[in-house]
Amino acid sequence: MRVLSGIQSSGTLHLGNYYGAMRQHLELQHEHDCFYFIANYHSLTTIQDGSRLRELTFHVAASYLALGLDPARVTFFRQSDVPEVTELAWILATVTGKGLLDRAHSFKDKVARGLPVSMGLYCYPLLMAADILIYRSQIVPVGQDQLQHIEMTQDMAQYFNNTYGQVFIRPEPRLSEAPVVPGIDGQKMSKSYGNTIDLFADPQVVCKRIMSIKTDSTPVEAPKDPTRCTVFALLKLLASPEEVQEWEVRYRAGGMGYGEAKARLADLYEQTFGPYREAYGRWLARPDDVEDILRTGGRRARVVAQEVMDEVRSACGIVTARA
Ligand code: ADP
Ligand code: TRP
C-alpha cells in the first residue's frame, strides 16, 4: 500500500502533531510503502521569510529523524523537490468548481479570525490534492482537521477522471487514536492558537506549560469527571493503559488535586520525549546528512510523480518539449 502524508514547516512541532499524525506515520513505516514529505510550498502561505523557512524545513526533517523515521524504509523528501506537484495543482484547478474551495474550513476559519486570505491559502486544498494524487497514494494518515482536505481530494480525482478518463485512484484518510489532541486551553492544540506543548522544548518550559493547563475549579476533595479534563486527555496519550485506569478511578473518587495529575504528566513527558530531544540535538548537528536524505528521497519521489504526470498530460492533451 502506498501511504503518504505531509507536514508543513511552519512552526515548532507539538504533541498534537505527534499523537495526531506523526506517531502513526512512524508506525506505518514498518508495514507499507510510505512517502512522507515536508510541505514547504504550503508553508509559504504563512512563513514569508526565506531564512526562517529554510530553518524550519530543516527542523521538521531533523524532528522526524529523531522520532525514528527510517530513511531506508521511507521515501522522505521536501515537497519542493518535486515541482511537478504545482503543475498538477493547476490542472486540478481547471476541473474543480470554485464552490468546492469556498467550503474549505481551513480558510473560512482564517477569515473568521480576521486574518488576510491570499490566493495561496485559498488554493491550499488544490496543492494538497496534487500532493496526494501525484504519488497514487492509497492511505493518507492525518489528524481530524485534515479530513475535509482529503474528501476534497477524492472529489477532485473524480472530476479529473470524469473529464479525461481514469487516471487517479481514490485515496482514503486514516485517523490516529487521537484525532484531536487538546492544547493547554482545552481547544484543539495548534500553533496558530498559541496553546501548544512542544515536542523538543526545554524541560522547564514544558513543565510550566503543563502546570498552566486550564482545569475547572472542582475542589480537591470532590470527585472529578476525567472525560472533561485536558490533563486526563493528555495522560491517556502518555501513560500505560493500566496507569490511565488508575487515574480514572482516582478522578472519580475525589481527594485528588489536578496539580498531582499535572506533575505526573510532566514526568511522563520527560520520560517519553527526553531521549527524543537528545536525538534531535544530534540530528541538528548533521545538516549535510539531513540534506542528503531529503535529496535522495526527493529523487525517488520525483520518478513516481513524473510517470503520473506523463499520463496526466497525455490525457489532457498538454504537449511539452520534454524528452
Ligand atoms: P497546526 O494546527 O499546529 O498548524 P499542522 O496543520 O501543521 O498543525 O498539522 C500537521 C499534522 O498534525 C496534520 O496531520 C494535523 O491533522 C495534525 N495535527 C495538528 N494538530 C493536531 C491536534 N491538536 N490533534 C490531532 N492532530 C493534529
Ligand atoms: N495540510 C497538511 C497540514 O497542514 C499538510 C499537507 C500538505 C498534507 N499536503 C499534504 C497532509 C498531503 C497529507 C497529505 O497538516
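Worth saying up front: this structure is predicted, and the values here are computed from it rather than measured. Atoms within each ligand, like the ligands themselves, are counted from 1 in listed order.
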Subset of ligand 1 atoms that lie under 4.0 Å from at least one heavy atom of G143: 14 (O), 15 (C), 16 (O), 26 (N)

Mark up the atoms of ligand 1 that fall under 4.0 Å of a heavy atom belonging to A178, in ascending order. 25 (C)

Taking the six-membered ring for Trp and the single ring otherwise, decide whether the centroids of Y124 and H149 are under 6.0 Å apart. yes

Taking 4.0 angstrom as the limit and counting only heavy atoms of M189, give me the atoms of ligand 1 inside it, by number and element. 20 (N), 21 (C), 22 (C), 23 (N)

Which bit of P179 gets closer than 4.0 Å to ligand 1, counting heavy atoms only: side chain, backbone, both or neither? backbone

Closest to atom 18 (N) of ligand 1 among P182, G16, G11 (heavy-atom distance): G16

Could you check which of L175, D145, V142 puts a non-hydrogen atom nearest to atom 16 (O) of ligand 1? D145

Are F200 and Y276 an aromatic pair, judged by ring center distance below 6.0 Å? no

At their closest point, which heavy atom of N40 faces which heavy atom of T57, and how far apart are they? CB-OG1, 4.0 Å

Show the atoms of ligand 1 that are less than 4.0 angstrom away from any heavy atom in G20. 25 (C), 26 (N)

Are H14 and ligand 1 in contact, using a heavy-atom cut-off of under 4.0 Å? yes

Need the ligand 1 atom indices (1-based, order shown) with element for anything under 4.0 Å from a heavy-atom of N17. 5 (P), 8 (O), 9 (O), 10 (C), 11 (C), 12 (O), 18 (N), 19 (C)

